Amino acid sequence: MHIRKLVTRGALALSFTVGAAFAAQAQSVIHMGASGEPDSLDPHFASGTWENRVIGDMFIGLLTEAADGTAIPGAATDWTISDDGLVYTFDLRDGAVWSDGEPVTANDFVFSLQRILTPETAAQYASLLYPIANAEAVNSGDADPSELGARAINDDTLEITLAQPTPFFLELLTHYTAWPVPQHVVEEHGNAWVRPENIQVNGPYILQEWIPQTHVHLARNDMFWDNDNVAIDEVYWYPTEDRSAALRRFRAGELDANTDFASEQIDFLRSEMPDSYRIAPYLGIYYYPINSTDPALADPNVRMALNLAVNREAITDQVLRTGEIPAMSFVPPIPGYEPADAPYEDMSYEDALAEAQALMEGAGYGPDDRLSLVLRYNTSENHRRIAVAIASMWQQIYVDTELFNTDVAVHYNDLEQGDFQVARAGWIADYPDAQNFLYLLEEGINFNYGRWENEEFNQLMDEAMQTIDLEARAEIMREAEAIALNDAANIPIYYYVSKNLVAPHVIGWVDNTKDIHRTRWLSLDNS
Amino acid sequence: MTDTPFGSEDKVGTQPIKGRSLWSDAWHRLLKNKAAVTAMIILGIIAILCVFGPMLTPHSIDAINWAAISQPPTLENFYIFGTDGNGRDLLTRVLMGGRVSLMIGIIATLVSLIIGVTYGAVAGFFGGRIDTLMMRFVDILYSLPFMFFVILLIVVFGRNFILIFVAVGAVEWLDMARIVRGQTLSVRRREFIEAAQASGVSNFNIIRRHVIPNTLGPVIVYMTLTVPKVILLESFLSFLGLGIQEPMTSWGVLIKEGADNMESAPWMLIFPGIFLAATLYCLNFIGDGLRDALDPKDR
Amino acid sequence: MLSYVVRRLLVAIPTLFIIITIAFFMMRVAPGGPFDGERALPPAVEANIAARYNLDRPLIVQYGLYLGNVLRGDFGPSLRARDFTVTELIAQGFPVSLQLGGIALLLAAVVGMTLGATAALKQNSAYDYGVMATAMSGIAIPNFVMAPLLTLVFGIYLSWLPVGGWRGVDSMILPIIALALPQVAYVARLTRGSMIETLRANFIRTARAKGLPEHVTIVRHALKGGLLPVVSYLGPAAAGLITGSVVIEQIFGIPGIGRYFVQGALNRDYPLVMATVIFYGALIIILNLVVDVLYGLLDPKVRYQ
């Protein structure tokens, strides 16, 4: 090892950094933590919210998110929906081009949808597009990609046909699975199209460099249609997996914003940097599935007792303390949907506990005849603390809880195979619609870890899928949700909040329930 | 003791006496070492506290006090070490964690000691093809990344606590074997070994009587390094979520929790940290004392 | 000597083969798969992915395919980082780990040996106790405590050094120190122990009896003998250091390969795990060879068979 060489190289790097810092006076550069290393920058291979953040600065779907997260026209400026809710016709933006100047055409969209659904692509998230006619058949290899319900009427007009009415379809189009990839580039380079030397984008920023585990460097795409309104010139995304370390980098000024911070830090943030963190409601639920096939847990009364004995306020207000909302239903509050009420919604905890004890006694348990449960959770500080708290709450209703922690792969593998009694799980909405939560309880869905089955619930959900009138549809789903809550299908615990570190000099950050903050809406106040 | 074909009356008769005197001599020398004696006393106190303390504290290891979450140390309710982020008494948890940490350290180190010393001494003594073969086997095990080995064992065997010891001890012996072999290589060409061989002492007895005692110095030093290493390793495993299951705990786990809260709740780091550091320091001084005391060449 | 080295390297080939075999099957015995995560995959998607990576073939066929690929130098794609092959991941991360670990190792060896040797010469003095007690703090404080402490003090309170990243000398200082500290302690302890042992050995007594000046005795004889166990230790320690530390990398945001050892196994990223195992194995074999050659140079009583 040549020390001298190393030092010289280091010194060079140092002077380079300093040089870059001076240049930054003219350029507006933002440094942001994405909370995870992207698995891929190809939107068809993405699967996490951190990838969404990075890739979403480069690609724009037919619809896209405004600063406040609402769906607004993106690559399409206009659309019409047929009366039966099945055929969507999109008018693409005039003059929109890829970063190499090639026009973005309807064919690019058709190509992209076919690509992600082709079995050989092996895209993890392809199933999100199953509402499109024939999508599932194509993805399973039962139909040719050309049979997919998407066609280009001409270069500027795209028609998508659905399998059944899907009220959330427009929202779905903001999701990365529906983003376009440049057909001419993908066909030339194959899966290597996404490398910095090949990539072309239709969004505000284009990839410059990606050093795994270090950063993804993006720079302004001059060909972007709204380029004049984009303030920030360069974006660095960092894979900040360690939240404590990310907070230290944020405090040292190395990051302008970071997704997520550890709950333990909230007191410090409140007192030391109250203008630098954001907490906002988030469309997601933290819950415990209960294995309904377990002999002891098949009894709805036992499941209800477990639900009643969970003191949700204690968990949100004393364990987490970062503004999470106690979950009294399975669906978080969503515009256009009023969640059903759980039977314990208005009970005081004392009453709920008494009721839970009575139910357990009715089921044959008592101080000398206790129920033994294994509660599983995947490794995380918050999961651990919540599990510890809930185990102690259940102790009061004659339940001895053994805590069992495993890594995430084993955890979810066992959950899918039904190898658990009670376990921790979470769900973040793909699109803001109650159906995206409630279908987790439908029979035959593999996210239905607890194998809870209810004929009436399934029928109502089918009915809701066929209903075009949004209010009637919401009412049907509400009815279904009430059934699940009364049968204690699982244990809702709290609704997630999004937590962000945002430096005061970052302008244009709007808290929203999707926790999506595209860089094109941000600017830096360097004064 | 089984008599070997070459074993003479004379040897069988004198060896046990010599052995006793070696160890009792060593013991006397150790007692003269003030640092080592102090360390033994402190370590003894820590061990006694950990074994009996949890029976005396007013709180159980998993009792949650909702009114005292992340409570700084106070005399009220006898939370003299404060409470953790779940409102559990940190004193009880630190002492219980000590049981686990000490147990892991001792058991894993003993496993590695027994396997490693035997293996290394045999390989180094016989040399030649046996040595090459044995050390190639060690090379192979060595060449598997440690984390890979431990993570997979734990993932496969799940929550069986004993297996963590086995896994750790089963990996740590490799270092021990290499060190003992290295020592043996230089010992075996010494005059007294050649003399013993010439007078027909069996290989087994040469290894036991002459080779192993002559490797003990570095081995004991290494042992006092292994115990803390194992204790820290356990915490690293817990850091990855592969360690002790709640509500049991260990010093490593507590320190990891404390490190995450080091600015907002320093007591969560300081108390388990002091116990761990004190234990490690004591082991260090005891190791030094033992080495001085056991050194056969000093007589 | 040369033929010894060549022979050892030839022997390494079957060793690596055994390592690959053990690791391959151990990895597949572990429950959970590469695509088990927060979100379960629909059966059709899961089947597509399994087919794409040959995970639907019988295990023995997969093993054969893998061996064939490795012989051609193809270590496969990462199942997680889909834009990179595992070769690219390791090729990008290793120079960083080598820099970080190499400097830390050098620092640990120089500082540790100096402290250990001087302490041995003044055995049981205040200097001895002071040095060893200070060195011990490197072991007594776990690195996931030491690293954040260092960043808090030097990065945030004092603002002297960056708290993360890997862009220039200033950002390297804290991680190198954090990584080297425990090793300093280990090396100092070992050096001291074996130096004391050596100083009492017969050949040192002889040297002293012959009236050699004390510093000659120490440098020419005692130091050489005293370093044997340290050399033994440094070989594998070097492999550990230059293949990265997941804790240090995570806390300082350093793009080394350390995390691949842990994340690869936890994510069941089979090709990545296999590549790290092979890489680590090859490195260990080479370092062990270096140690054995050094042994021969330091101790004439050891002969190469």
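By convention in this document, chain letters (A, B, ...) are assigned in the order of the sequence lines, proteins followed by strands, and residues within each chain are numbered from 1. The shown structure was predicted, so the numbers you read here are calculated from the model rather than taken from an experiment.
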- Item | chain C interface, residue from B/Thr279, B/Leu144, B/Asn33, B/Leu276 that has the most non-hydrogen pairs under 4.5 Å | B/Leu144
- Which bit of B/Leu141 is near chain C, if near means a heavy-atom gap under 4.5 Å: side chain, backbone, both or neither? neither
- Message: For C/Phe24, does the six-membered ring have the charged nitrogen or CZ of C/Arg28 within the cation-pi criterion, i.e. under 6.0 angstrom from the centroid and within 45° of the normal?
- Response: yes
- Note on the structure: In terms of heavy-atom pairs under 4.5 Å with chain C, the winner among B/Ile231, B/Leu174, B/Ile179, B/Ile255 is B/Ile255
- For C/Thr134, does its backbone N or O pair with a side-chain atom of C/Ser137 as donor and acceptor, under 3.5 Å? yes
- Note on the structure: Looking only at B/Ala277, B/Pro145, B/Ala35, the option with the highest number of non-hydrogen pairs under 4.5 Å against chain C is B/Pro145
- Greatest number of non-hydrogen atom pairs under 4.5 angstrom with chain B, of C/Ala265, C/Ala282, C/Ala239, C/Ala23, falls to C/Ala23
- Note on the structure: Tightest non-hydrogen contact, residues C/Ala147 and C/Ile248, listed as CB-CD1, 4.3 Å
- Identify which part of C/Ile19 has an atom lying under 4.5 Å from any heavy atom of chain B, answering side chain, backbone, both or neither. both
- Message: At a 4.5 Å cut-off on heavy atoms, which part of C/Ala133 comes close to chain B: side chain, backbone, both, or neither?
- Response: both
- Query: Shortest non-hydrogen contact from B/Val219 to B/Met176?
  - Reply: CG1-SD, 4.1 Å
- Note on the structure: Nearest heavy-atom contact between C/Arg268 and C/Ala30 is NE-CB, 4.2 Å
- Note on the structure: Honestly, the part of C/Leu283 sitting under 4.5 Å from a heavy atom of chain B is neither
- Task: Starting at CG of C/Leu149, measure out to CD1 of C/Ile141 and round the result to the nearest 0.5 Å.
- Result: 7.0 Å
